[in-house]
Amino acid sequence: MKSKFFKIIAGVFILANLGMAEYVKKDNAVYYKYSEEDDSEFKVENVDLGTFKILNDKYAKDRKNVYFSGNKSFEDVDSKTFEVLPQYYSRDKNNVYKPINEWIQKIDGANPKTIKVLNEFYSKDDKNVYYDMDKILDADVNSFEITGKERYYAKDKNSVYYLGEKIEGANPKTFKIISDGSYSKDDKNVYAGLEIVKGADPQTFKEIFGTNYARDKNNFYYYYGYVKNLGKINEKNFKVLDYYLVKNGNEMYYAGEKVNIKNPDKFEVIKTSDDNDILYGKDDENIYVVTSDEKHGYLKVIKNADKDTFEVMEKDTRYSKDKNNVYYAGYNVVQLQDVDKNSFTIGEENGFSYDKKNVYYAGRKLNDISSAGFKVTRLVNRPNLPINFLNDNKNIYKLIAVFDEETGELKSVKTAVVKNPKVDSKTFETFSYSGNYFRDKNNVYYENELYKMGLKKIAGADRNSFEVLNDEFSRDKNNVYYYGNKMKGINPDGFEFVGRDFKNNEDIIFFLKTKDKVYVLKNKAGKEVYEIVPLNFDANSFKYSNADNSYESESVGYFQDKNGVYYFDAFRLDELNPNKVFAKVKGADTLSFVQLMFGYAKDKNKVYIEDREIKGVDPESFKIIETSDGVTIRDKNKIYKEFKK
């Protein structure tokens, strides 16, 4: 139950971000922006501009295709009859669709003629009720309805449902929601999600406003994915101190866990962060702060803190200070060493701070690096890797932070000067979003920590025309580069990837083309040595079949040019010989050719498995139906293959 609880929180975030994007028509093309305020955008490929129609901020269509979030739908949607429904659901003459993880997916079996969207999670047709993509078994369609304003609850004449699952034993006639999705009750029981709160009294049970706690006449409870009964309430001495913090007699609880406060009667909250994750408090002897060390108790004493002058810093509430010291609250509380309080500054990057002499990370002083000219060039969260470039006025450095992989505790941190190549530290900066490319006033550099490739100058790169293509490839006006190395004989003019990279065990296959040639490149992941061979295809028309559309395998696929359609099978690959890698699909119609799943494809005349025609199949009705239970491959006449997942 806990895992589903957190999944739904993520789902709410995704839905909350719907409605912030837009399609933009310009320069005889269509572009998609994830946010109206965001300048970044990408081109919507292969649209028919004459018939392209924007339906809303997520959906668009032309005479052949439907687009969602700027990408052609993975589903085989009928564009002519396609329409948008409430809550970003949609339908055509054949199916009903719902956005899941930024793609629309078919709700198997849903009737588009009778579908009714109840809210962003629940829908029903004349025969069935659905939660997201799943059919709710045995639900009564006629009486099924959403319960109140709460989005996750629903009921019919027989049962109550939470997140699409039946709350066993709940009485729909007396069922009520107590709070904002955490608690509910009927005449016999109290529920937290799908779970019965054992021993709770339905008549007196209520949420403690503004917290994740609840109570009845006898006990109090905490719920966050699962229920904790925290025992008898001390009616004379029960007090809510904060969102996560309550006092019950001489005991105090934070996030449902008992915490050790020396004098609970004297305890008061000093400050809470805006997200409620950091809390400071004090009693008559100590200053306390919440840390992320759940195992040893959330609230920790800040040793040596002076109560009279203690204050929490505004810019980052993990930092605090008194007349003597500066403190950082992370996994534990750290007292910063050798700090100058008058010049102390919290950095823009999370965890970094500095004064007139020193630089600190998570409260730990970094030796060697100077605060003069200090900046963070790159910060990427990859545990136990030297992940950061730091600059001062003299050098660039790697920050090497070692974390406990189980708890997240910072075990050690140090810096190492990058001596080779020699860069201009004052102008050294991240070049692009990828995090693998850098530049200074003179040069462009490449580094790939994932494959343990250290920082190196990209020899001969033209800084002004340099362009990052992805983590491996880049180009300028003169050359194409792979892992920061010049690719001999590859023209940067018109250079692009065809389809995606195909993987065969550890081998990586890239199909590339320039304005006049097509190539296949083979290497092993993270290796700078590669083979590259020109292929005998027409460069102008060579493309991955439906590369902007549906199914892209990591080992098989179809390509085409003006002369035909070709089947690629990486498992046949023993050497870079196009006669072995590709098999021509004889007689395929390139204009109507559609790639399907599991090595199947079809055009207006035939159906294919790999490079072979399947005789006697009706192409128009041939389809692959994938459900949570399995896969059926059929046409209007018969089932050709069926297997369970």
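This is a predicted model, so every value here is computed, not measured.
Environment of NZ in K365: crowded, with over 12 heavy atoms of neighbouring residues, nucleotides or ligands closer than 6.0 Å. More than 12 heavy atoms of other shown residues, nucleotides or ligands fall within 6.0 angstrom of atom NZ in K375. Counting non-hydrogen atoms of neighbouring residues, nucleotides and ligands closer than 6.0 angstrom, the CG atom of D274 reaches no more than 12 such neighbours. Around the NZ atom of K527, the shell of radius 6.0 Å holds no more than 12 heavy atoms that belong to other residues, nucleotides or ligands. No more than 12 heavy atoms of other residues, nucleotides or ligands sit less than 6.0 Å from atom NZ of K441.
Between the side chain of K419 and the main chain of N395, no donor-acceptor pair closer than 3.5 Å is present. Checking side-chain atoms of Y437 against main-chain N and O of N470 turns up a donor-acceptor pair under 3.5 Å. In this structure, the side chain of K513 engages the main chain of F542 through a donor-acceptor pair within 3.5 Å. Side chain of S541 to main chain of Q560: no donor-acceptor pair is present (N/O by atom type, distance under 3.5 Å, no hydrogens or angles). No donor-acceptor pair closer than 3.5 Å links the side chain of T514 to the backbone N or O of N491. Of the possible polar contacts, one joining the K602 side chain to the P619 backbone as a donor-acceptor pair under 3.5 Å is found. Not a single donor-acceptor pair under 3.5 Å links the side chain of Y328 to the backbone N or O of R318. In terms of modelled atom types and a separation under 3.5 Å, the side chain of S425 and the main chain of I396 share no donor-acceptor contact.
You'll find the ring centres of F495 and F497 inside the 6.0 Å limit. Checked against a 6.0 Å centroid threshold, the rings of Y608 and Y558 do not count as neighbours. The distance between the ring centers of F568 and F511 falls below 6.0 angstrom. The six-membered or imidazole ring of F537 lies near that of F582, with a centre-to-centre distance under 6.0 Å.
The ring-ring contact (aromatic ring centres under 6.0 Å, His included) with F438 is formed by just one residue from the set F466, Y445, F389; it is F389. The residue from R91, K53, K61 that alone fulfils the salt bridge (charged side-chain N to carboxylate O under 4.0 Å, His left out) condition with E83 is R91.
Aromatic ring pairs are classed by plane angle as parallel below 30°, tilted from 30° to 60° and perpendicular above 60°; the pair Y354 and F374 is tilted. Relative ring orientation between Y483 and Y451 is described as perpendicular, the plane-to-plane angle rising above 60° on a 0-90° scale split at 30° and 60°. Between Y530 and Y482, the ring-plane angle classifies as perpendicular under the 30° and 60° cut-offs.
The NZ atom of K33 lies 13.0 Å from the CG atom of D57; values are rounded to the nearest 0.5 Å. The structure places CD of E447 at 10.0 Å from OG1 of T430, a figure rounded to the nearest 0.5 Å. Remark: N563 CG to K584 NZ distance equals 6.0 Å, nearest 0.5 Å. Considering CG of D48 and CG of N65, their distance stands at 9.0 Å, rounded to 0.5 Å. Put simply, CD on E467 and CZ on F431 are 8.5 Å apart, with the number rounded to the nearest 0.5 Å.
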Apply side chain to side chain contact (heavy atoms under 4.5 Å, CB included) to N350 and D316, showing your working.
-> CA-CA 9 Å; N350 186 33; D316 185 345; 4.1 Å; yes

Apply the test side chain to side chain contact (heavy atoms under 4.5 Å, CB included) to residues L399 and F352: give CA-CA distance (whole Å), side-chain angles for both, the deciding distance (0.1 Å), then the verdict.
-> CA-CA 11 Å; L399 177 74; F352 286 94; 3.7 Å; yes

Can you check side chain to side chain contact (heavy atoms under 4.5 Å, CB included) on V565 and D603, steps first, answer last?
-> CA-CA 11 Å; V565 177; D603 58 25; over 6 Å; no

Stepwise, does the side chain to side chain contact (heavy atoms under 4.5 Å, CB included) test hold for V423 with N443?
-> CA-CA 8 Å; V423 305; N443 301 301; over 6 Å; no

Evaluate the criterion salt bridge (Lys or Arg N to Asp or Glu O under 4.0 Å) for residue pair E348 and K315; output intermediate values, then yes/no.
-> CA-CA 9 Å; E348 296 299 323; K315 186 173 182 179; 2.8 Å; yes

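Taking both residues in full, the closest heavy atoms of S343 and D355 are given as OG-CB, 3.4 Å, listed atom of the first, atom of the second, then distance. Nearest approach of Y361 to A401, heavy atoms of both residues: CE2-CB, 4.3 Å. Looking at every heavy atom in both residues, L455 comes nearest to P421 through O-CD, 3.1 Å. Residue K98 comes nearest to Y89 through the heavy atom pair CE-OH, 3.2 Å, listed as atom of the first residue, atom of the second, then distance. In terms of heavy-atom proximity, S465 sits nearest to D476 at OG-CB, 3.4 Å. For the pair R475 and P492, the tightest heavy-atom approach, listed with the atom from each and the gap, is NH1-O, 3.2 Å.
Residues that satisfy the side chain to side chain contact (heavy atoms under 4.5 Å, CB included) test with N56, not counting sequence neighbours, are K58, Y59, V84, Y88. N485 pairs by the side chain to side chain donor-acceptor pair (under 3.5 Å) definition with K456, E528, not counting sequence neighbours. Scored by the side chain to side chain donor-acceptor pair (under 3.5 Å) test, D277 finds no partners at all (sequence neighbours excluded).
For the residue pair Y331 and D404, no side-chain donor N or O sits within less than 3.5 Å of a side-chain acceptor on the partner. In the model, S69 has no side-chain atom that pairs as donor or acceptor with a side-chain atom of N71 under 3.5 Å.
Residues K411 and E405 are not paired through a salt bridge, judged by the lack of any N-O separation under 4.0 Å between the basic side chain and the carboxylate.
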